[in-house]
Every structure is written in C-alpha cells, then in structure tokens.
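Written below as structure tokens is the structure these notes are about.
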Amino acid sequence: GNKPPAKDEL
Amino acid sequence: MNIFRFLGDMSHILSFVILLLKITQGKSAAGISLRTQELYMIVFCSRYLDLFWNFSSLYNSFLKVVFIACSSAIVYIIRFKSPQKDTWNPELDNFPIQYLIGPCAVAGLLINQDWTPFEMIWAFSIYLEAVAILPQLFLLQKQGEVENLTSHYVAALGAYRGLYLMNWVYRYFTEDDYLQRIVWFAGTVQTGLYIDFFYHYYQSKRGGLSRPVKLP
C-alpha cells in the first residue's frame, strides 16, 4: 500500500 | 512551515504559559478542568511516540517534548500538589471522559492512515484532541462566568487549531498531493467546538473593558 503521508506537523 | 502553522504553534505554547502561570502563581486550579488536562496528556503521550524515530525537524522534536512535559506537569500540579489540588472540585469537573476515550480509540482502530499500531494510536490521538476540550467547556458552562486568565487560556487553545485549519488550506493550495483528511476533519470539529465560546469571549472583550466572559 502507499506509505502514509509524512508526519511533519505537531 | 508557514505563518499559519507557526502562529498556531505559538498560540498553543501561549495557552500552556497562561495555564502554568495561573496554577503556579495563582496557586489555584479553580475553573480549570483536570479531566481536559488529563486528556491532553494522553493525546501528546500517544501522538508523540514517534519522537524516537521520526525526526522531521528539531523544532518538532523540541516542541513534542515541551508539550508532553507541560501537560504532564499541569496534571501533576492539579492532582498532587498543594494547595492547587485542594482547589480542584471533582463534583463539578466530572465529565465522563471514558465516553470520549472509548469512541476515539475505536475510531483510531477503524479509520487511520495505515494498519500499523502507531498509525492507529496516532489517529486515536487526533480524534481525542478534537473532543478533549469538552470537559473544560462543560465546567465553564456550569460556572456561568469565566475567570479572566481562564478565558484567555481557552481562547489561545481554540486559536491554535483554528490557525492550523488555515495552515491546511494554505498547504492544500501550495503543495501538490498534500492530503490529510484525518486531521482536516478532526481539526474542523475541534475548532467548531470553540465557536460558541469565541462568540462570548469576543462580546466580553469587545468593549476593551475586561468584562468577565459570561456563558449562558
């Protein structure tokens, strides 16, 4: 599956 | 990073500063919901588990530690430290938070961005943050009038996620394939819960006089 979006927010 | 997200984080930090000042200098937690503070501690401790493997920026990692530390300190002070612990009224601050934690945990299991344990816990923390303010709003409703510092605390807290909404709109239009439906939905619900408070907060501060915020 596609990687979950990067967690770049708090 | 954009100005909306930066201001949102600053507003969030401001809310911590106001609350910590209030309970340490004012030596009282009257009007503050310990239940809400406990929910925030759960939110940050669960969401920031990735502190150990996801270094997207020093800024993020630093604030994750700050948020976990501050929310834990606030819960500790209100629960265990004298004289603040005696100013907490369990009869008034009695919102059944299990009815918030349970559904958010189920939602986190069912609706998340990937079927890994962390993604489920992360989604749980996003949903829980959206409703974590409810015990505080219920407490204010019961008391009718909101103490000045407390009103600024709730306003800063509401503004933080409201600014994040603007940040998501900005990112949606400036970045390609930026998609975060979970936080968009939860952030909208979270900010929506403050609308009634913001209305009364604005009315009370409009005249420039610091008339106390009255909730019907």
Side-chain angles (χ1 to χ4, degrees), chain A, chain B residues 1-2 4-6 8-13 16 43-44 47-51 53-57 59-68 112-116 118-123 125-126 129 160-161 163-165 167-168 170-172 175-184 186-187:
Chain A
N2 55 336
K3 236 170 78 57
K7 300 217 174 334
D8 60 355
E9 290 184 350
L10 287 169
Chain B
M1 174 58 79
N2 60 65
F4 302 113
R5 187 178 143 210
F6 180 72
D9 288 336
M10 292 308 114
S11 184
H12 199 184
I13 291 170
F16 277 116
V43 165
F44 297 128
R47 185 179 310 170
Y48 299 148
L49 287 173
D50 67 345
L51 192 60
W53 70 80
N54 172 10
F55 298 104
S56 68
S57 71
Y59 171 88
N60 269 16
S61 298
F62 172 68
L63 285 183
K64 287 177 182 179
V65 172
V66 167
F67 291 171
I68 289 174
N112 51 63
Q113 281 168 343
D114 197 356
W115 300 98
T116 62
F118 173 66
E119 284 295 334
M120 293 177 182
I121 293 172
W122 181 82
S125 82
I126 295 291
E129 188 191 356
Y160 132 70
R161 213 60 176 172
L163 284 159
Y164 257 73
L165 286 180
N167 150 65
W168 292 323
Y170 176 85
R171 292 189 71 177
Y172 181 77
E175 296 174 26
D176 51 359
D177 87 355
Y178 174 70
L179 216 54
Q180 281 282 2
R181 289 197 189 88
I182 289 182
V183 293
W184 294 348

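Hydrogens, waters and symmetry mates are skipped; everything else that's a heavy atom, side chains included, is used.
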Problem - For chain A, the option from B:Asp50, B:Asn60, B:Asp9, B:Leu179 that forms the most heavy-atom pairs under 4.5 Å - result: B:Asn60
Completion exercise
Okay, B:Tyr178 and chain A: the region with an atom under 4.5 Å from a heavy atom over there is side chain
Problem - Heavy-atom contact with chain A under 4.5 Å, split by part of B:Phe118 - result: side chain
Practice task
Would you mind checking if B:Arg5 and A:Asp8 are paired as a salt bridge, meaning a charged N to carboxylate O distance below 4.0 Å?
Solution key: no
Exercise for the section: Please flag which part of B:Asp177 lies under 4.5 Å from any non-hydrogen atom of chain A: side chain, backbone, both or neither. Expected result: neither
Practice task
Report the residues that fulfil side-chain contact (heavy atoms from CB on, under 4.5 Å) with B:Ile182, sequence neighbours left out, ordered by chain and then residue number.
Solution key: B:Gln113, B:Trp122, B:Ala123, B:Ile126, B:Tyr127
Fill in the blank from the handout: Residues at least two apart in sequence or cross-chain that pass side-chain contact (heavy atoms from CB on, under 4.5 Å) with B:Ile121, listed by chain then number, are B:Ser46, B:Leu49
Problem - Cationic N near anionic O, under 4.0 Å, B:Arg47 to A:Glu9 - result: no
Fill in the blank from the handout: When rounded to the nearest 0.5 Å, the distance separating CG of A:Leu10 from OH of B:Tyr59 is 6.5 Å
Problem - More than 12 heavy atoms of other groups within 6.0 Å of B:Phe62 CZ - result: no
Fill in the blank from the handout: For B:Gln180 and A:Ala6, the nearest pair of non-hydrogen atoms, with its separation, is NE2-O, 3.9 Å
Problem - Atom group of B:Asn112 that falls short of 4.5 Å from chain A, counting heavy atoms - result: neither
Practice task
Go through the atoms of B:Asn54 and report whether side chain, backbone, both or neither lie under 4.5 Å from a heavy atom of chain A.
Solution key: side chain
